[in-house]
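Letters go in sequence order (proteins before strands), and every chain restarts at 1.
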There are 2 protein chains.
Amino acid sequence: MFTNVLRYLEPEQLKKIEEIKFPVNFAKGETIFKQGAPLTHIIVINKGLLKVYLEDREQHSIILRLIKSGEIVGGPGFHTDYRHHFSLTALEETEAFFIDVMQFENCLLQNSTFAIKFIAYLNKGHIGLYNKLRVFEHKHMNGRMASTLLYLSEQIYEAEEFETELSRQDIADMSAMTKESSIRLIKNFKDSGIIECNNNHFKLLDKEHLINIMENG
Amino acid sequence: MFTNVLRYLEPEQLKKIEEIKFPVNFAKGETIFKQGAPLTHIIVINKGLLKVYLEDREQHSIILRLIKSGEIVGGPGFHTDYRHHFSLTALEETEAFFIDVMQFENCLLQNSTFAIKFIAYLNKGHIGLYNKLRVFEHKHMNGRMASTLLYLSEQIYEAEEFETELSRQDIADMSAMTKESSIRLIKNFKDSGIIECNNNHFKLLDKEHLINIMENG
DNA sequence: AAATATTATTGATATATCTCAATATTTTTT
DNA sequence: AAAAAATATTGAGATATATCAATAATATTT
């Protein structure tokens, strides 16, 4: 059973989708699709963790969010230019189901209640982007880093202590700064006793403080 | 007749919408709705120019885009929390039609082809936000200012010479910088012969150069 | 027409953050 | 196990941009 927006499909539609979907596996570091490539399939993540990122000029990318198992990935190319507008890369071993985008469109056409649910899903994504914009416009790096750490803890790993596959560069790309700055800020937070951190093991010690930094720092 | 996504409605639906819509006028500077307020109506701009902006902490706002006559404004609160996630303020004398959001929802439910068109419209907005994020992540102010001037010329005023109601603060809020910086950059562009500018009158003299600055500067 | 408020402009200074470069550590390949 | 590659760390220095403050110009109110 799907835990994403597909759960609102009618049983026959769901059956059809189950029939046509096919699995593809990705190793850590492999790319599911690249920004600019044609959008031919909707993707449902069955297992794994991935990063959604915008590729700016060479050397620079912006990580918009991470995707966990259960989530669905479409993209704004749907019914516009049918291209991908971001790239999607596995951070861990990942299993994904591919669903033909035309079959997905049929579901929307045949079931306007589902279409409304899909619109709601798109709107949630839109709200997420507004928040990302707001965070990125924070003048201070501290606030952006605090926001990233809280995001990882609350939204992704759902624990105050976690082990991540993200590199320092990834954390920097999530926080709109250079990798050197991300390293220095993590060190500062550590020295201030707000977090513990050894390599890829993080523990948030003072969430109140982090929230305060995110909002005011 | 509507020039926005509403033109895809069936004739009877269109008639219904025409019946229930009602006009409201706004003077320059007046706010149509505020971020956080309940979303009760979809709005169609009949005449005028408006700014869509995120209110960050006090003193700081981010202008996402401008809205011209003919355009429709919904917002991602639809079918999520039914709140406005941005504020909308008139830059010029504006006439807007208000359409009850529940009637709009009925249109989507009764007409899945329309729902698909609406999804396409939402996706175009999503692509626009990605571009905004990319521009804001430009490290150099020059590139952000060039991008704003090109946006005003190409997307809004559709001319290389234009008179704007935007203040220097507005231009700064569109370009992710302080008003002092926006003033200094406009002066620099003027001194370099890339633009002409007297108060609110702008003329782009060297678009090639501006595009180059936007992409590489 | 004068007074007030708002917006625009300019300059000096402070500082946050990037860049570059060197070294250390970890991971991958041979 | 050694070599190579990739990633992480630290420091010094450069610089883009914000902040603050003072003045000028424009718009609004009285």
Side-chain angles (χ1 to χ4, degrees), chain A residues 27-30 51 56-63 89 91-93 135-148 163-191 195 197-202 213 216-217, chain B residues 27-30 51 56-63 89 91-93 135-148 163-191 195 197-202 213 216-217:
Chain A
K28 177 181 171 177
E30 286 185 332
K51 58 176 174 179
D56 227 2
R57 65 221 84 261
E58 65 260 74
Q59 296 291 353
H60 190 231
S61 60
I62 302 166
I63 296 181
T89 295
L91 292 166
E92 302 173 354
E93 176 107 17
V135 169
F136 275 18
E137 280 312 290
H138 254 255
K139 266 182 294 295
H140 309 289
M141 289 197 300
N142 284 7
R144 304 202 299 272
M145 177 58 75
S147 164
T148 294
E163 198 87 19
T164 184
E165 293 297 318
L166 291 161
S167 69
R168 293 298 191 261
Q169 180 68 63
D170 286 330
I171 292 173
D173 290 343
M174 292 176 79
S175 315
M177 62 184 67
T178 60
K179 67 174 186 308
E180 291 92 338
S181 289
S182 77
I183 288 163
R184 278 186 257 261
L185 283 190
I186 288 167
K187 190 167 147 52
N188 289 354
F189 283 4
K190 201 172 150 183
D191 292 349
I195 64 170
C197 174
N198 296 296
N199 302 320
N200 295 326
H201 185 93
F202 285 80
I213 291 171
N216 309 313
Chain B
K28 177 181 173 177
E30 285 184 332
K51 59 176 174 179
D56 226 3
R57 66 219 85 262
E58 65 259 76
Q59 294 292 352
H60 190 230
S61 60
I62 301 167
I63 296 182
T89 294
L91 292 165
E92 301 172 355
E93 176 105 18
V135 169
F136 275 18
E137 279 312 290
H138 255 254
K139 265 182 293 294
H140 308 291
M141 288 196 302
N142 284 7
R144 305 201 298 271
M145 178 56 76
S147 165
T148 294
E163 199 89 18
T164 185
E165 294 296 320
L166 291 161
S167 69
R168 294 298 191 260
Q169 180 67 64
D170 285 331
I171 293 173
D173 289 343
M174 292 176 80
S175 315
M177 62 185 66
T178 61
K179 67 173 187 307
E180 290 93 338
S181 289
S182 79
I183 288 162
R184 278 186 255 261
L185 283 189
I186 288 167
K187 191 167 147 48
N188 288 354
F189 283 4
K190 201 173 150 184
D191 293 348
I195 64 170
C197 174
N198 296 298
N199 301 320
N200 296 326
H201 184 92
F202 286 80
I213 292 170
N216 310 312

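- Between D:dT9 and A:Arg184, no contact under 4.0 Å exists linking OP1 or OP2 to a side-chain N or O.
- Along DNA chain C, the nucleotide nearest to A:Asn199 and the one nearest to A:Glu180 differ in position, and the one closer to the 5' end is contacted by A:Glu180.
- Regarding contacts with the backbone of C:dC18, a side-chain N or O of A:Ser181 is found under 4.0 angstrom from either OP1 or OP2.
- Which of C:dT9, D:dT9, D:dA18 sits closest to the side chain of B:Ile183 comes down to C:dT9.
- Spacing between atom CD1 of A:Ile186 and atom P of C:dT25 amounts to 18 Å, rounded to whole angstrom units.
- Between the side chain of B:Asp173 and the backbone N or O of B:Asp170, no donor-acceptor pair lies under 3.5 Å.
- A straight line from CG of B:Asp170 to P of C:dA8 spans 8 Å, rounded to a whole angstrom.
- In this structure, CG of B:Leu166 is placed 10 Å from P of C:dA8, rounded to the nearest angstrom.
- Side-chain N or O atoms of B:Arg144 include none that pairs as donor or acceptor with a backbone N or O of B:Met177 at under 3.5 Å.
- Nucleotide D:dT15 has C:dA16 as its partner under the Watson-Crick or G-U criteria, with both atom distances under 3.5 Å.
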| task | Apply side-chain contact (heavy atoms from CB on, under 4.5 Å) to the pair A:Thr178 and A:His60, showing each step before the final yes or no. | result | CA-CA 9 Å; A:Thr178 60; A:His60 190 231; over 6 Å; no
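- One can place CG of A:Asn198 at 17 Å from C1' of D:dT7, the figure rounded to the nearest angstrom.
- A:Lys190 places a side-chain N or O within 3.5 Å of a backbone atom of A:Cys197 that can act as its donor or acceptor partner.
- For B:Ser167, counting side-chain heavy atoms from C-beta on, the closest listed nucleotide (C:dT9, C:dT7, C:dC18) is C:dT7.
- Atom CE of A:Met141 is separated from atom C1' of C:dT19 by 13 Å (rounded to the nearest Å).
- Straight-line distance from the CG atom of A:Asp173 to the P atom of D:dT7: 12 Å, rounded to whole Å.
- Under 4.0 angstrom from either OP1 or OP2 of C:dC18 there lies at least one side-chain N or O belonging to A:Thr178.
- Taking atom NE2 on A:His138 and atom P on C:dA16, their separation rounds to 16 Å, with Å as the unit.
- Whole-Å rounding puts the A:Lys28 NZ to C:dT27 C1' distance at 10 Å.
- In this structure, the nucleotide among C:dC18, D:dT10, D:dT7 sitting nearest to the side chain of A:Lys187 is D:dT10.
- Side-chain contact between B:Phe202 and B:Ile171 is present, with heavy atoms from C-beta onward closer than 4.5 Å.
- The residue among A:Asn200 and A:His140 whose nearest nucleotide of DNA chain C lies closer to the 5′ end is A:His140.
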